[in-house]
Number of protein chains: 2
Amino acid sequence: MPINTADNKDKSSRDQRHQASGSTLIDVAKVAGVSPITVSRALNRPEVVSDQTLEKVRRAVAEVGYIPNMLAGGLASKQSKLVAVFVPTIAHSLFSDMVQALMDQLGEAGYQSILGITGYSVEKEESLLGAILGRRPDAIVLTGTEHSALTRQRLASSGIPVVEAWDLCDDPIDILVGFSHRAVGKAVASHLLEKGYRRFAVVSVSDARAVKRNEALVNELNAQGVTDVRQVTFPAPATLKEGREGLSQLWSQEARPEVIVCSSDTIAQGVLAEAAARGLKIPEDIAVMGFGDMSSAAQLYPALSSVRLDGARVGALIASALLQRLQNRDDDRTPVRIDTGFELIDRVSA
Amino acid sequence: MPINTADNKDKSSRDQRHQASGSTLIDVAKVAGVSPITVSRALNRPEVVSDQTLEKVRRAVAEVGYIPNMLAGGLASKQSKLVAVFVPTIAHSLFSDMVQALMDQLGEAGYQSILGITGYSVEKEESLLGAILGRRPDAIVLTGTEHSALTRQRLASSGIPVVEAWDLCDDPIDILVGFSHRAVGKAVASHLLEKGYRRFAVVSVSDARAVKRNEALVNELNAQGVTDVRQVTFPAPATLKEGREGLSQLWSQEARPEVIVCSSDTIAQGVLAEAAARGLKIPEDIAVMGFGDMSSAAQLYPALSSVRLDGARVGALIASALLQRLQNRDDDRTPVRIDTGFELIDRVSA
DNA sequence: ATAACTTATGGTTGCGCAATCATCTGTATG
DNA sequence: CATACAGATGATTGCGCAACCATAAGTTAT
């Protein structure tokens, strides 16, 4: 039993700022009858310690309820076992799926994650990064490829692995895991043209990657002789409301579109709801194309055509790339650039 | 041997495994022409340093690009400025809203958050807690009031503030911020009875709090003479699919219900989708009651009746309660128990 | 039998910082 | 004019751990 611990707690809780969970390597070492450093090894590199000693240490750890102090360990070893992850929001399934998968896989390798929610703002990203770098994370995951100058400078001088996710570009900071938003825009345009649509509209939020997709979409449409693409844009984040509002705006004008391309499934869902409210038939009166293929897209009625992206897979790919980099302590600067691709999903709505 | 130490440092900076982001308080102090401890004070308690010195230090910090090492700071001060937050998932808006609000407010006070995603499992909660306690968080936020024995023991011996959120109970570990799920169940029953419904069904996931609501609902219905409440239950987490499947199962039986009470808006949305697919009229053929009032509930077609809970508000309340506890360094053990309440939202669907 | 290893363990040191106590200056108090 | 006191700064120490080097005991090769 943790007689010592219980004892300490009772008494120390009154006197000083001694944290209650105060058992240290030394306490464990005393109980186990070995030196502190042997305890450290037993916990961190059990393969170099004899089975017999290992067993003694394990028992002692359980007895005193020892929990290693990672602040001290990190300070001494210069390894925090922390990964900083920056996303615009966790309210969208792509990002929350990615975060969950990433945290899961990193967790299995003994890394914990600290989340920074940037709200689609590079300024917020910059200030969060400043705070989080103080924890000396072992790696950093960012969303997108647009960052402030100070952010870039700090990342460079921190000297740790950096992942940019959800986009591709020509001059990544380090590791890149994403897909081409321009390719998505172009593919959506071709696909819908092929299905015979000619009057297009876009309902979108104004985040950087959505803008890229829209530009590519419009370019391709123009190239195929379709001009006059109406665009309704809202500030991020996207909710159903933007979708309903978007369709309302478009429907109040003459020259109504045949198909609406949405910057996310959430917006598309809003468009579907507004269409239902107006008694419009999908896709006869209005066709709708989403983006993201969130799990509910197939379950909506009518089922939503979309662009499939697998957030969890992106998270897993990031985790593997990072772990490989982190475990090759020798400077393995092999450039990593992963195109996660996308897939057009043709359902009822478009 | 203070001189030696300083000396060593000068020389070791070239020969050893010095991290790239290697500027320290001492470097800043040299540039500023003050002692290291003055730099520390300038950063942490600027009010005790003269304006002139403050300015010198600020310039020096900028010049060397100094970022304080919180591992070292935490080790020395026994304050990590970290809060651990455990939620079942971030894929549901209640939790993601709470997390975002909580992180925001704590961030403003200089605290960062580390997230643990438990997947509705007390075992996962236990193992995550073990790992995260190593970071010596200054506080811990948990979801629900059910925890393993080891979890409880570790929380007690850690001696830090603990918040249990999203539920109420009679023997909280420490701070409690939530609402009564039984009260919700009862209120929903009364409300729907009052609207004249008599044939009830429940589509639910099996998490602890949903089970509580269902029990209370059924109890109240029984008390009012309504028996034979059909329940369809799925394992968490909830998606639209469970809702569609739930309605399908209920519709395949004789004695179809008039109203379906769902354990979340997501499930309710699935029920609505399946109803639309089957051409059922809402609420004439089947009425639907959600839970959570996520932002899209009002935007759905038909608009979803639900139980409003404000995740962001819960997060904010937790943050205030915690910050107050954290800032009163003297053992302020005032019990905190906040009932966040809920509100029935009557829309079209039920 | 000696050298050359290998395996298991311990001693010492310093990571970067804040707590604590000490010092020094200048100003108010009687 | 001496004492007290507040304001500003510095010196020393140790937080808990892992890196590094040293040592002791056993093993194999020659």
Side-chain angles (χ1 to χ4, degrees), chain A residues 12 16-19 21-30 32-57 61 64 66-81 133-136 329, chain B residues 1-13 15-19 21-30 32-57 64 66-81 133-136 329:
Chain A
S12 73
Q16 302 243 104
R17 74 229 128 86
H18 216 60
Q19 271 211 354
S21 72
S23 69
T24 73
L25 219 39
I26 298 182
D27 302 327
V28 177
K30 277 181 198 152
V34 298
S35 80
I37 186 61
T38 297
V39 176
S40 170
R41 273 191 289 250
L43 296 173
N44 297 322
R45 293 153 59 205
E47 69 279 7
V48 304
V49 174
S50 72
D51 290 355
Q52 179 189 331
T53 307
L54 212 52
E55 190 47 36
K56 280 193 294 188
V57 171
V61 165
V64 305
Y66 173 65
I67 293 185
N69 185 326
M70 299 181 78
L71 298 176
L75 183 59
S77 70
K78 301 195 175 305
Q79 276 203 89
S80 60
K81 291 286 184 176
L133 278 180
R135 309 236 175 235
R136 298 297 186 266
R329 319 284 274 90
Chain B
M1 342 186 286
I3 299 175
N4 264 343
T5 310
D7 211 8
N8 280 345
K9 162 123 199 51
D10 284 344
K11 291 176 180 158
S12 72
S13 59
D15 52 23
Q16 307 236 100
R17 70 228 133 87
H18 223 59
Q19 268 207 0
S21 72
S23 68
T24 72
L25 266 191
I26 298 182
D27 302 327
V28 177
K30 277 182 198 151
V34 298
S35 79
I37 187 60
T38 298
V39 176
S40 170
R41 272 192 289 249
L43 297 172
N44 298 321
R45 293 153 60 204
E47 70 278 7
V48 304
V49 175
S50 72
D51 290 356
Q52 180 189 330
T53 306
L54 214 50
E55 189 47 36
K56 280 193 293 186
V57 171
V64 306
Y66 174 65
I67 295 185
N69 185 327
M70 299 181 78
L71 298 175
L75 184 60
S77 70
K78 299 193 174 308
Q79 276 204 85
S80 61
K81 290 285 183 177
L133 278 181
R135 310 239 173 232
R136 299 297 186 264
R329 317 283 274 93

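Numbered from 1 within each chain, the chains take letters A, B, ... in sequence-line order. What you see is a predicted model; the values in this text were computed from it and never measured.
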- Task: Measure from the side chain of Lys78(A), starting at C-beta and using heavy atoms only, and say which of dA18(C), dC15(C), dT9(D) lies closest.
- Result: dC15(C)
- Does any N or O donor sit under 3.5 Å from an N or O acceptor when you compare the side chain of Arg41(B) with the base of dG10(D)? yes
- Message: Of the options dA18(C), dT9(D), dG16(C), whose atoms approach the side-chain atoms of Thr24(B) most closely?
- Response: dG16(C)
- Task: Any chance you could measure Leu54(A), atom CG, to Glu47(A), atom CD, to the nearest 0.5 Å?
- Result: 10.0 Å
- Let me know the distance between CZ of Arg136(B) and P of dC17(C), rounded to the nearest Å. 21 Å
- Message: How long is the straight-line distance from NZ of Lys78(B) back to CG of Asn69(A), given to the nearest 0.5 Å?
- Response: 7.5 Å
- Query: Could you state the CG-P distance from Leu71(B) to dC17(D), rounded to the nearest angstrom?
  - Reply: 14 Å
- Rounded to the nearest 0.5 Å, what separation is found between the CE atom of Met70(A) and the CZ atom of Arg135(A)? 12.5 Å
- Query: Nearest to the side chain of Ser77(B) - dC15(C), dG16(C), dA19(C)?
  - Reply: dA19(C)
- Query: What is the bend of the helix from dA1(C)-dT30(D) to dG30(C)-dC1(D) when you compare the axis at one end with the axis at the other, using five pairs each and rounding to 10°?
  - Reply: 30°
- Message: By the 4.0 Å heavy-atom rule, please label Leu25(B) as base, sugar-phosphate, or nothing.
- Response: sugar-phosphate
- Task: Indicate whether OP1 or OP2 belonging to dT9(C) is found under 4.0 Å from a side-chain N or O atom of Ser50(A).
- Result: yes
- Please determine, for the side chain of Ala72(B), which listed nucleotide (dA19(C), dT9(D), dC17(C)) has the closest atom? dC17(C)
- CZ of Arg45(A) versus C1' of dT7(C): gap in Å, rounded? 13 Å
- Task: Write down the distance between CD1 (Ile26(B)) and P (dT12(D)), rounded to a whole number of angstrom.
- Result: 13 Å
- Item | Set of side-chain contact (heavy atoms from CB on, under 4.5 Å) partners for Thr53(B), sequence neighbours left out | Val34(B), Thr38(B), Val49(B), Ser50(B), Val57(B)
- Nearest listed nucleotide, side chain of Ser35(B), among dA11(D), dT9(C), dG16(C): dA11(D)
- Item | Contact under 4.0 Å: Ser40(A) side-chain N or O vs dC17(D) OP1/OP2 | no
- Task: Measure the OG-CG distance between Ser80(B) and Leu75(B) for me, rounded to the nearest 0.5 Å.
- Result: 11.5 Å
- Item | Proximity to the side chain of Ile37(B) - top-ranked nucleotide from dG11(C), dT9(D), dA19(C) | dA19(C)
- Task: Remember a base hit wins even if backbone is also touched, and classify Pro36(B) as base, sugar-phosphate or nothing at under 4.0 Å, heavy atoms.
- Result: nothing
- Task: State the CG-CD distance between Asn44(B) and Gln79(B), to the nearest 0.5 angstrom.
- Result: 10.0 Å
- Item | dC15(D) phosphate, OP1 or OP2, under 4.0 Å from Asn69(A) side-chain N/O | no
- Once you round it to whole Å, what is the distance between C1' of dC17(D) and CG of Leu75(B)? 8 Å
- Can you tell me the distance, in whole Å, between the CG atom of Leu54(A) and the P atom of dT7(C)? 16 Å
- Rounded to whole Å, CG of Asp51(A) lies from C1' of dT9(C) at a distance of 15 Å
- Heavy-atom closest pair, residues Leu25(B) and Pro36(B): CD1-O, 4.0 Å
- The reported gap from CG in Asp51(A) to NZ in Lys56(A) (rounded to nearest 0.5 angstrom) is 12.5 Å
- Send over the distance from Glu47(B) CD to dG7(D) P, rounded to a whole Å. 11 Å
